[in-house]
Amino acid sequence: NYGGDGMGLGAAEGGTRGSYGGAFSVLVSASAVTWGRLLIGLIGGAALGIVLAVAVSWSKWLARFLELPSNLLRMLPALALIPLFQLWFGISFKGVVIFMVYTNGIVFFVGMLNAIRNVPPIYLHNAKALGASKLRTYGTVVLPAILPELRSTVFFSLGWSWSAVVGAEFLGVQSGLGYIESQANQFALLDRMFVVAVLFLILASVSFLVFNLICRPLLTWAPDGGRG
């Protein structure tokens, strides 16, 4: 009874009797909505954070201009900003996605910038001595060198994304697993809260497993890169 028709089954709130099939269809539909918000926010945040980190590491002028504000934003408690994002962008899909992009962007910016700065200077000096341009050095030396450390950033951001998306959905969005959790909490339906919590754990575990499988072939050259 948490939404419209799903998989040919009417919603209980529209007069249809509740059933296991209806409950399953609602959970599948809500999971798809939450997954969509998470993936869009994660990909958008990764793109934003990586571009800013590369720009800061590339130019000393941009570093002076962007590094301090970004570090100040990083100190803000992200979950406490959810009501502000809802006020600015509305209690909607757009508001949740913008919040996800913002929070993931901060994580990726810090992680990417730290990874670039941890590249051994001798790699950069050798590339320069061999005549590589700055752009080619970033593409053929810096990027491969930071992949192992960047994987840790993605893992952290992925875990944070699940907390952020359920938090954003919990505070007013009318769809998704967080919405079901919020309604169950409001009426003290502990069994439903438990089911949704377990489903979150399963989905988060699957996302970690899939990402780890994607990373393995990319990091076979690194020490212990294929493990995880």
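Sequence neighbours left out, not one pair with a member in residues 107-128 passes ring pair (Phe, Tyr, Trp, His ring centres under 6.0 Å). Residue pairs meeting the salt bridge (charged side-chain N to carboxylate O under 4.0 Å, His left out) criterion with at least one member in residues 173-188: none, sequence neighbours excluded.
Connection of Tyr179 to Leu190 is not established within any shared hydrophobic cluster, with ILVMFWY side chains joined at heavy-atom distances below 4.5 Å, either directly or through further cluster members. Follow the hydrophobic side-chain contacts under 4.5 Å out from Val165 and you never reach Val33; the two are in separate clusters. When the side chains of ILVMFWY residues are joined at heavy-atom separations under 4.5 Å, either directly or via intervening members, Met193 and Val166 end up in two distinct hydrophobic clusters. Leu42 and Val206 fall into different hydrophobic clusters, defined by Ile, Leu, Val, Met, Phe, Trp and Tyr side-chain heavy atoms under 4.5 Å apart, directly or through other members.
Looking at every heavy atom in both residues, Pro144 comes nearest to Gly139 through CD-O, 3.8 Å. Residues Ser161 and Met100 come closest through the heavy atom pair O-CE, 3.5 Å.
There is a side-chain donor-acceptor pair under 3.5 Å between Ser207 and Trp162.
The OG atom of Ser157 sits 10.0 Å away from atom CG of Leu150, with the distance rounded to the nearest 0.5 Å. In this structure, the separation between CG on Leu52 and CG on Leu113 is 10.0 Å, given to the nearest 0.5 Å. If you take OG1 on Thr137 and CG on Asn126, they are separated by 10.5 Å, rounding to the nearest 0.5 Å. Between the CE atom of Met112 and the CG atom of Leu143 there is a distance of 6.5 Å, given to the nearest 0.5 Å. Remark: Ser31 OG to Leu38 CG distance equals 12.0 Å, nearest 0.5 Å.
Contact of the Val195 side chain with the Leu27 side chain is registered, since non-hydrogen atoms from C-beta on lie closer than 4.5 Å. Between Glu149 and Asn118, some side-chain heavy-atom pair lies under the 4.5 Å cut-off. Residues Leu124 and Val142 have side chains in contact (heavy-atom distance under 4.5 Å, counting atoms from C-beta outward). For the pair Ile43 and Asn104, the minimum side-chain heavy-atom distance is 4.5 Å or more. Annotation: side chain of Val110 is not in contact with side chain of Thr153 (no heavy-atom distance under 4.5 Å).
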Less than 3.5 Å apart, which donor and acceptor atoms pair up between the side chains of residues 127-135 and the rest of the protein, not counting sequence neighbours?
unit_1 : atom_1 : unit_2 : atom_2 : d
Ser133 : OG     : Arg136 : N      : 3.2
Lys134 : NZ     : Trp58  : O      : 2.7

Identify all side-chain donor-acceptor contacts of residues 196-204 below 3.5 Å with residues at least two apart in sequence or on another chain.
none

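Residues passing the ring pair (Phe, Tyr, Trp, His ring centres under 6.0 Å) test with Phe85 are Trp88, Phe89, Phe99, Tyr102, sequence neighbours excluded. Annotation: ring pair (Phe, Tyr, Trp, His ring centres under 6.0 Å) contacts of Phe156 (sequence neighbours excluded): none.
Not a single donor-acceptor pair under 3.5 Å links the side chain of Ser59 to the backbone N or O of Ala55. Looking at Ser57, its side chain never comes within 3.5 Å of a backbone N or O of Ile116 through a donor-acceptor pair.
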Quiz item: What do the steps show when you test Arg117 against Ile146 for side-chain contact (heavy atoms from CB on, under 4.5 Å), and what is the final call?
Solution: CA-CA 9 Å; Arg117 288 176 173 174; Ile146 67 174; over 6 Å; no
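Atom CG of Leu213 has more than 12 neighbouring heavy atoms from other residues, nucleotides or ligands inside a 6.0 Å radius.
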